[in-house]
Amino acid sequence: MCGIVGYTGKQSAQDVLLAGLKHMEYRGYDSAGIALVANDELVTYKKAGKLNNLQQVLANENVPLSNCGIGHTRWATHGAPNDLNAHPHLDEANKIAIIHNGIIENFAQLRTELTANGVKLQSETDTEVVAHLLAAELKNSELDLVAAMRLVCRRLSGAFTLVAISAANPNLIVGARRNSPLVVGLGDGENFLASDVSAFIAYTKNALELGQDQVVEITRDSVKVTDFSGNEVAPKPFTVTWDAAAAEKGGFELFMLKEIADQPKAISDTLLGRINDSQIQLTELAELKSALISAEHILILACGTALHAGLIAKYAFETWTQIPTSVEFASEFRYRDPVIAANTLCIVISQSGETMDTLMALRHAKAGGAKVVAVCNTQVATIARESDAVLYTHAGPEIAVASTKAFLTQIVALYLIGWQIATLKGHKSGSETAQFVTELSALPAAVDLVLDTVEDVRNLARELAEKQSVLFIGRGVGYGVALEGALKLKELAYMHAEGFPAGELKHGPIALVEDQLLIIVIVPSPTQQQILHEKIISNIQEVRARGGLILAIAVEDDHIIDEFANFVVRVPHLNALLQPIASVIPLQVFACEMATARGHDVDQPRNLAKSVTVE
Ligand code: M6R
């Protein structure tokens, strides 16, 4: 939530910052702004709305040349998304500029203190207090910006990444982090700070990971990291594996369409190096071997789409490992009194690896004695770092706010973990594993086949674009797919959409069914899941008897369904537990096209941000 970038070097800071913000706009797009150090002064430009608005402002200004500056794209928390509340924020003398991601929870108290001292705050944000607090510390001539930042951070509670520049130090940028992400990009005669690597991968793949409660100072030739007390610490270097081109649209109209098309490769990349000689080898979990063997409970914690991946994996985990598995909203977990039994293996799932709800739930589970495995897509994210082990999904950067390729790769990664546990517990033989590996390896080709039907699904969505409400039903793993289809439609097309287990309809939701209401049904395979198939046909009949319109997502050889559905979208027939990998794709495309047909911004839907770093 909120994207941050800082640059000091030899290039035009304005150009580097705007390019970086373009790649981080998915983190928030309520406003954008930059501050530059030029001729020993700070110049600031900011504008409500998407980055384009700021770019238009800049095009009409005589922006001074600068090689050092900071940029921000905002997801509003405190204060409306207007020009005044846009970052950067300045102190009263316009000598310090600050940008922030997170929430400063004690800002009201700090604001009162500043006001009592005669400071006139300009915005409604929690961030602005930091600019004034830094200025107050810097009145003490013994202190520099870095020392002032340490002192101020010690007074703040909540989650924050802060990045500051000052007119007095034309080549210096100071950053600090607690519970919010910040990484350093190391260039040649230039250095970067950013919320994530996508802001600088076009310039460098060499990066540094910052720990909790650390302050970093960068100039074009140096990087120094200290803790909030001033003790120097050695940051951990890493090489960015993402390719700069992967963060571009690559000829597609939308990031979401590109990311849907990326899915076969994302799955292959997630399997790569984890299958050897027809066996699954997860070296990442080697150190947790005894915890996996002794696991008696599996607890999956996640939010949104990642939670749906967990709900689907639960069926596989229980079938393969015989270990009771529960799936919980991370946002609820620590606010009740969860019983974390002995030998609980907790699996947290997060594309960004920064979702605050998931991070807090992880910490709670860990404090309760659980061993934690993370399934993450973003390198060195906080959730990955704080877990006992991490299995990365190699989906590459996911820029569209609606998650697609991350979802499929999360299911794949979870299945690898589930199968590994089942094998360690002696439930799976070598030949069963070889068969499963064959099925996994066939997934990219199966997904390719589904992608061949994209145009048909887009046409169908256009045909149905006037609908106001859609219900999704499924059984077994199809229930998770139904929830995911409904979430996609809500977040992109802003429509009423709800997912239910098909058998639950008759317990209440069927009252919603009226003439021409669209119900999307995830139909289980008639051969592999005959009983479920029969049951869902009955559920379809109940709906049709009340005038409902059925769109079935059915396997290619299901000829029974034709008689019962108004529309049928075919997907390849896979192993029943793997079926969601194919069935969800038409729903991604459907939601994307519905949103387009209704004139919405698919990649940046209203009110949302990709990485939700507040609770
Ligand atoms: O980065 P995470 O996977 O932790 O994000 C969790 C949810 O915020 C995310 O999946 C969200 O639901 C997506 N926008 C849905 O498309």
Side-chain angles (χ1 to χ4, degrees), residues 1 3 24-29 75 101 179-181 195-196 198 254-256 259-260 263 266 300-313 327-333 347-362 372 374-387 390-393 395-411 413-414 480-481 483-494 497 499 584-585 587-592 594-595 600-615:
M1 231 139 223
M24 282 195 309
E25 211 182 2
Y26 70 88
R27 300 180 69 91
Y29 29 84
W75 186 84
N101 171 27
N179 290 337
S180 274
S195 301
D196 74 54
S198 55
L254 300 168
F255 273 113
M256 184 171 176
E259 288 160 10
I260 289 172
Q263 292 181 115
I300 298 178
L301 300 168
C303 299
T305 289
L307 182 93
H308 300 157
L311 280 170
I312 290 168
V327 185
E328 302 228 18
F329 291 107
S331 55
E332 286 291 316
F333 184 66
I347 301 180
V348 292
I349 314 163
S350 176
Q351 185 285 130
S352 61
E354 298 292 349
T355 299
M356 187 58 75
D357 289 316
T358 310
L359 175 63
M360 292 303 169
L362 176 171
V372 182
V375 172
C376 283
N377 190 44
T378 309
Q379 270 180 288
V380 307
T382 312
I383 287 174
R385 279 207 312 265
E386 295 200 14
S387 298
V390 55
L391 202 72
Y392 282 109
T393 51
E398 193 180 63
I399 310 287
V401 165
S403 188
T404 52
K405 59 181 179 172
F407 179 63
L408 289 204
T409 55
Q410 281 161 354
I411 297 173
L414 289 165
V481 176
L483 289 177
E484 179 59 9
L487 176 60
K488 289 279 109 52
L489 205 56
K490 274 184 270 213
E491 71 180 325
L492 297 176
Y494 316 152
V584 77
I585 298 169
L587 305 185
Q588 299 169 339
V589 175
F590 187 80
C592 179
M594 279 290 225
H600 299 322
D601 185 334
V602 170
D603 286 336
Q604 297 177 340
R606 71 181 177 204
N607 303 339
L608 294 174
K610 181 84 184 154
S611 174
V612 186
T613 54
V614 293
E615 267 193 282

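Side chains included, hydrogens not; waters and symmetry mates left out as well; all remaining heavy atoms used. For clarity, every value in this text was computed on a predicted model and none was experimentally measured. Atoms within each ligand, like the ligands themselves, are counted from 1 in listed order.
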Original post:
Is there any N or O on Gly304 that sits under 3.5 Å from an N or O of ligand 1?
Top reply: no
**OP:** Starting from atom 8 (O) of ligand 1, locate the nearest protein heavy atom and write down its residue, its atom name and how far away it is, to 0.1 Å.
**Re:** Val612 CG2, 4.0 Å
Subject >> Any residue meeting ring pair (Phe, Tyr, Trp, His ring centres under 6.0 Å) with Tyr392, in chain and number order, not counting sequence neighbours >> reply: none
Original post:
Among Ile585, Thr393, Val584, whose side-chain contact (heavy atoms from CB on, under 4.5 Å) with Phe407 holds?
Top reply: Val584
Original post:
Evaluating non-hydrogen atoms only, which member of Leu307, Thr355, Asp357 is closest to atom 2 (P) of ligand 1?
Top reply: Thr355
Original post:
Any side-chain heavy atom of Lys610 within less than 4.5 Å of one from Ile399?
Top reply: no
**OP:** Would you mind reporting whether Leu608 and Tyr29 have side-chain heavy atoms less than 4.5 Å apart?
**Re:** yes
Subject >> Contact atoms of ligand 1, heavy-atom distance to Ala306 under 4.0 Å >> reply: 3 (O), 10 (O)
Original post:
Does Ile312 reach the side chain of Val481, with side-chain heavy atoms less than 4.5 Å apart?
Top reply: yes
Original post:
atom 11 (C) of ligand 1: which protein heavy atom is closest, and how many Å away?
Top reply: Thr305 N, 4.2 Å
Original post:
Can you list the ligand 1 atoms lying under 4.0 Å from a non-hydrogen atom of Ser352?
Top reply: 1 (O), 2 (P), 4 (O)
**OP:** Give the atoms of ligand 1, by number and element, whose distance to some non-hydrogen atom of Ala402 is under 4.0 Å.
**Re:** 16 (O)
Subject >> Side chain proximity check, Leu359 to Glu354, heavy atoms < 4.5 angstrom >> reply: no
Original post:
Which part of Lys488 is near ligand 1, with near meaning a heavy atom under 4.0 Å away: side chain, backbone, both or neither?
Top reply: side chain
Subject >> Closest candidate by heavy atom, reference atom 3 (O) of ligand 1, pool Glu484, His308, Gln351, Lys490 >> reply: Gln351
**OP:** Give the residue, atom name and distance (to 0.1 Å) of the protein heavy atom nearest atom 16 (O) of ligand 1.
**Re:** Glu491 OE2, 2.4 Å
**OP:** Please verify whether a non-hydrogen atom of Cys303 lies at under 4.0 Å from ligand 1.
**Re:** yes
Original post:
For ligand 1, which atoms have a heavy atom of Ser350 less than 4.0 angstrom away?
Top reply: 1 (O), 2 (P), 3 (O), 4 (O)
Subject >> Donor-acceptor side-chain pairing of Glu398 and Ser403 below 3.5 angstrom >> reply: yes
Original post:
Of all residues at least two apart in sequence or in a different chain, which pass the ring pair (Phe, Tyr, Trp, His ring centres under 6.0 Å) check with Phe329?
Top reply: none
